[in-house]
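Hydrogens, waters and symmetry mates play no part in the numbers below; they use all other heavy atoms, side chains included. Both ligands and their constituent atoms are indexed starting at 1 by order of listing.
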Amino acid sequence: MGHEVGENDLAQRLLIAGNWKMNGLASHLNEGRAISEGSRAFAPQLDLLLCPPATLVRTLRDQLDDHVFVGGQTCHHAEKGAHTGEVSAEMLRDAGASHVIVGHSERRADHGESSESVRSKLTAAHRAGLIAVVCIGETLSERETGKTLGVLETQLAGSLHDDVSADDTIVAYEPVWAIGTGKTPSTDDVAQVHAHLRGKLIERFGEDRGRAIRLLYGGSVQPANAATLLAVPDVDGALVGGASLKASDFLAICEAACNCR
Ligand code: 13P
């Protein structure tokens with residue numbers, strides 16, 4: 001399952017993650033295989049993660065090279081039980097996942113997930129031995145009313161527990177208004193947010209842990225803007241939605257990432 005990475009070099013090593021959301025039938029697995037084959041040359045420099053729908057986790061894991069991690073898109077907080085339709089972190093792990101996204105804004109909006117429930121999913125992910133990708137992000141109206149940093153601070157504080165480390169937790173900043181819209185914040189705005197989040201992580205977890213936890217940017221990352229976004233200080237990778245569904249686009253983003261470091 002990928003290479004071992006020490007806590008100290010995590011912050012320098014970029015992670016390019018793809019979130020397929022509710023897209024992907026078995027016929028889509030060939031895009032995953034193309035990503036795996038096309039990214040072999042990038043493996044020494046980059047970490048790669050694909051998060052397909054839960055139905056494809058096992059098959060994708062079986063079909064990809066070890067340098068590509070496979071993850072789920074959410075998990076229930078309980079290990080098992082009478083929760084029809086839900087998938088536990090243990091089930092994702094059993095299906096071959098190493099990661100799971102928690103707190104994506106689409107889940108916060110569509111399923112009313114609060115930061116408290118996101119934190120319980122994070123705890124479940126860690127219980128099952130999964131690395132969690134914790135998403136936070138402001139809405140357009142929050143941005144327009146100057147609340148961005150405050151909203152992010154509250155989501156970050158509430159979504160993490162005290163024992164997180166760079167080995168088990170990644171944070172993804174995804175402005176809600178940038179998701180699937182083709183709009184992105186300016187690089188100055190991304191830099192401001194990431195510096196602020198870095199500061200909050202250091203304040204809570206101390207210098208070493210706070211610096212080592214990777215901070216991804218997500219929201220309309222495309223081949224054309226990836227190099228610019230990934231060059232922003234404190235951006236340790238990208239969480240890619242639409243462009244992760246097409247191998248050529250995802251690989252172009254990976255190539256841009258390689259050229260940034
Ligand atoms: P897009 O890249 O399609 O904007 O989606 C971003 C996202 O939500 C990834 O989790």
Pair T139, E142 - check side-chain hydrogen bond (donor to acceptor under 3.5 Å, both in side chains), show working. CA-CA 5 Å; T139 62; E142 287 163 344; 3.2 Å; yes

If we count only N and O atoms by modelled type, under 3.5 Å, do the side chains of E106 and H111 hold a donor and an acceptor together? no

For residues 171-181, which residue pairs pass the side-chain hydrogen bond (donor to acceptor under 3.5 Å, both in side chains) check, not counting sequence neighbours? H104-E174, E138-Y173, E138-W177, R143-Y173

Salt-bridge criterion met for R13 and D236 (N-O under 4.0 Å): no

Between ligand 1 and the protein, which N/O pairs are shorter than 3.5 Å?
residue: ligand 1; atom: 2 (O); partner: G241; partner atom: N; Å: 2.9
residue: ligand 1; atom: 3 (O); partner: G242; partner atom: N; Å: 2.8
residue: ligand 1; atom: 4 (O); partner: G180; partner atom: N; Å: 2.6
residue: ligand 1; atom: 4 (O); partner: S220; partner atom: N; Å: 2.8
residue: ligand 1; atom: 5 (O); partner: K21; partner atom: NZ; Å: 3.3
residue: ligand 1; atom: 8 (O); partner: K21; partner atom: NZ; Å: 2.8
residue: ligand 1; atom: 8 (O); partner: H104; partner atom: NE2; Å: 2.8
residue: ligand 1; atom: 8 (O); partner: E174; partner atom: OE1; Å: 3.4
residue: ligand 1; atom: 10 (O); partner: N19; partner atom: ND2; Å: 3.0
residue: ligand 1; atom: 10 (O); partner: H104; partner atom: NE2; Å: 2.9
residue: ligand 1; atom: 10 (O); partner: E174; partner atom: OE1; Å: 3.1
residue: ligand 1; atom: 10 (O); partner: E174; partner atom: OE2; Å: 3.0

What's the shortest heavy-atom distance between A178 and S220, and which atoms? O-OG, 2.6 Å

Measure up the H161 and H126 rings against each other and bin them: parallel (under 30°), tilted (30 to 60°), perpendicular (over 60°). perpendicular

